[in-house]
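Report on the following structure.
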Protein chains: 2
Amino acid sequence: MGIVRKTASVKFVLSIFEEREKAVSVVALVKLLKEKMNKTTVYRILDRLEQDGIIHSFLGKDGLRWYAKCQGCSADHHLDVHPHFQCKDCGDVECLPVDVLIPSVENRQVDSAEIMLVGKCGNCL
Amino acid sequence: MGIVRKTASVKFVLSIFEEREKAVSVVALVKLLKEKMNKTTVYRILDRLEQDGIIHSFLGKDGLRWYAKCQGCSADHHLDVHPHFQCKDCGDVECLPVDVLIPSVENRQVDSAEIMLVGKCGNCL
DNA sequence: ACGTTAATGCAACTAAGTTGTAAAATTAAA
DNA sequence: TTTAATTTTACAACTTAGTTGCATTAACGT
Ligand SMILES: [Mn+2]
Ligand SMILES: [Mn+2]
Ligand SMILES: [Zn+2]
Ligand SMILES: [Zn+2]
């Protein structure tokens with residue numbers, strides 16, 4: 001079970017993801033919301049929104065956690081099996097709307113794949 | 001410039017990678033070497049061995065750094081563009097000796113790709 | 001309006017990784 | 001073999017992301 005009560009904090013975090021296309025790191029969110037809410041609250045709201053299939057998360061190239069809007073996921077099924085791209089100059093992260101086939105590996109059961117592409121974005125080229 | 005002097009600590013870390021097939025996390029190494037050397041030393045030796053193309057590193061599913069032997073890399077060129085597999089039951093991590101084609105993305109320059117497959121290993125199935 | 005209980009704030013904590021520096025170890029030269 | 005230059009190490013202190021416990025606050029069904 002994720003979000004049960006639509007508090008002011010929850011609404012505010014949701015509005016950030018509604019307005020934004022690109023992914024955002026938890027670190028940036030905590031900084032951005034410093035005046036509005038406690039960092040523990042940010043972490044917990046993100047947890048709940050992810051459980052509900054409203055946002056999804058992944059690790060950037062430095063091991064920090066990033067979040068982005070989901071496209072048609074639900075509490076039961078996260079379908080966000082797309083790769084992500086991080087610019088090594090500006091640090092921006094984007095979801096790549098590309099279907100990726102999870103490679104199979106002999107003698108192992110592969111359940112998910114995290115694919116992180118690193119390079120330079122259009123702005124930084 | 002990586003390793004310049006073959007100290008006892010360097011030799012010991014090297015011997016671990018010579019004996020071992022699978023990847024090993026820094027956390028595990030620090031624990032393993034607790035009696036032999038300081039954790040700062042572990043981190044710095046790993047840095048230097050990676051610079052020299054003797055080992056390569058990547059992030060596991062929890063954002064921890066893992067290291068594994070290189071196969072024919074040099075100080076100039078790291079060729080380890082293979083995917084990695086982590087078992088979600090036992091946590092073991094392996095290099096997958098599979099060539100992977102780095103997908104190109106419109107309007108962006110992709111320099112490297114980290115592909116992390118997560119599932120169950122042969123032992124845990 | 002009230003009562004239940006989810007959500008929040010706060011402080012303290014954990015754990016990975018980094019940094020500065022004095023002491024120790026390696027290596028090459030004398 | 002001794003010396004001296006320089007790398008490497010230990011240690012302690014620090015930084016930062018993320019977590020936990022608990023008392024207080026706020027949402028919402030009745
Ligand atoms: Mn995404
Ligand atoms: Mn590898
Ligand atoms: Zn950029
Ligand atoms: Zn396993």
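All values below come from the heavy atoms of this structure, side chains included, with hydrogens, waters and symmetry mates left out. First the proteins, then the strands, lettered A, B, ... as listed; each starts at 1.
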Checklist outcome for this item: Here the pair of heavy atoms bringing A/Asp111 nearest to B/Gly119 is OD2-CA, 3.5 Å
Next on the checklist: Base, sugar-phosphate or nothing for B/Val30? Non-hydrogen atoms, less than 4.0 Å.
Outcome noted: nothing
Item to check | Under 4.0 angstrom between A/Thr41 side-chain N/O and C/dG9 OP1 or OP2 | outcome: yes
Next on the checklist: Any base atoms under 4.0 Å from B/Lys31, or only sugar-phosphate, or nothing? Heavy atoms, all strands.
Outcome noted: nothing
Checklist entry - B/Tyr43 has a side chain; which of D/dC28, C/dT18, D/dA17 sits nearest to it? => result C/dT18
Checklist entry - Between B/Leu14 and B/Lys6, is any pair of side-chain heavy atoms under 4.5 Å apart? => result yes
Item to check | 5' priority, DNA chain C, between B/Ala8 and A/Lys36 [closest heavy atom] | outcome: A/Lys36
Item to check | Heavy-atom check, side chain of A/Phe17 versus side chain of A/Leu29, under 4.5 Å | outcome: yes
Checklist entry - Between atom CE in A/Met37 and atom C1' in C/dC10, what is the gap in whole Å? => result 15 Å
Checklist outcome for this item: By nearest-heavy-atom nucleotide on DNA chain D, the more 5' of B/Ser9 and B/Thr40 is B/Ser9
Item to check | Between D/dA27 (C1') and A/Phe12 (CZ): distance, integer Å | outcome: 20 Å
Item to check | Protein-nucleotide distance (B/Ile45, atom CD1; D/dT7, atom P), rounded to Å | outcome: 16 Å
Item to check | Side-chain ion pair, A/Glu18 and A/Lys69, N-O less than 4.0 Å | outcome: no
Next on the checklist: By the 4.0 Å heavy-atom rule, please label A/Lys6 as base, sugar-phosphate, or nothing.
Outcome noted: sugar-phosphate
Checklist entry - What is the distance from CG of B/Leu46 to C1' of C/dA16, rounded to the nearest Å? => result 13 Å
Item to check | Phosphate-side-chain proximity, A/Arg5 and D/dA26, N/O vs OP1/OP2 below 4.0 Å | outcome: no
Checklist entry - A/Lys39 side chain: which of D/dT9, D/dG18, D/dT7 is closest? => result D/dG18
Checklist entry - Roughly, in whole Å, what's the span from CG in A/Asp47 to P in D/dT20? => result 10 Å
Item to check | Spacing between B/Asn38 atom CG and C/dT21 atom P, to the nearest angstrom | outcome: 17 Å
Checklist entry - What's the CH2-P distance between B/Trp66 and C/dG17, to the nearest Å? => result 12 Å
Checklist outcome for this item: Taking C/dA6, C/dT26, D/dG18 as options, the one with an atom nearest any side-chain atom of A/Val4 is C/dA6
Checklist entry - Is the closest side-chain heavy-atom distance between A/Trp66 and A/Gln86 below 4.5 Å? => result yes
Checklist entry - With nearest nucleotides of DNA chain C determined for B/Leu64 and A/Arg48 from heavy-atom distances, which residue corresponds to the more 5′ nucleotide? => result A/Arg48
Next on the checklist: If I take atom CG in residue B/Asp52 and atom P in nucleotide D/dT7, what distance separates them, rounded to the nearest angstrom?
Outcome noted: 14 Å
Checklist entry - When we call it a touch if two heavy atoms are under 4.0 Å apart, what does A/Arg44 touch: a base, just sugar-phosphate, or nothing? => result base
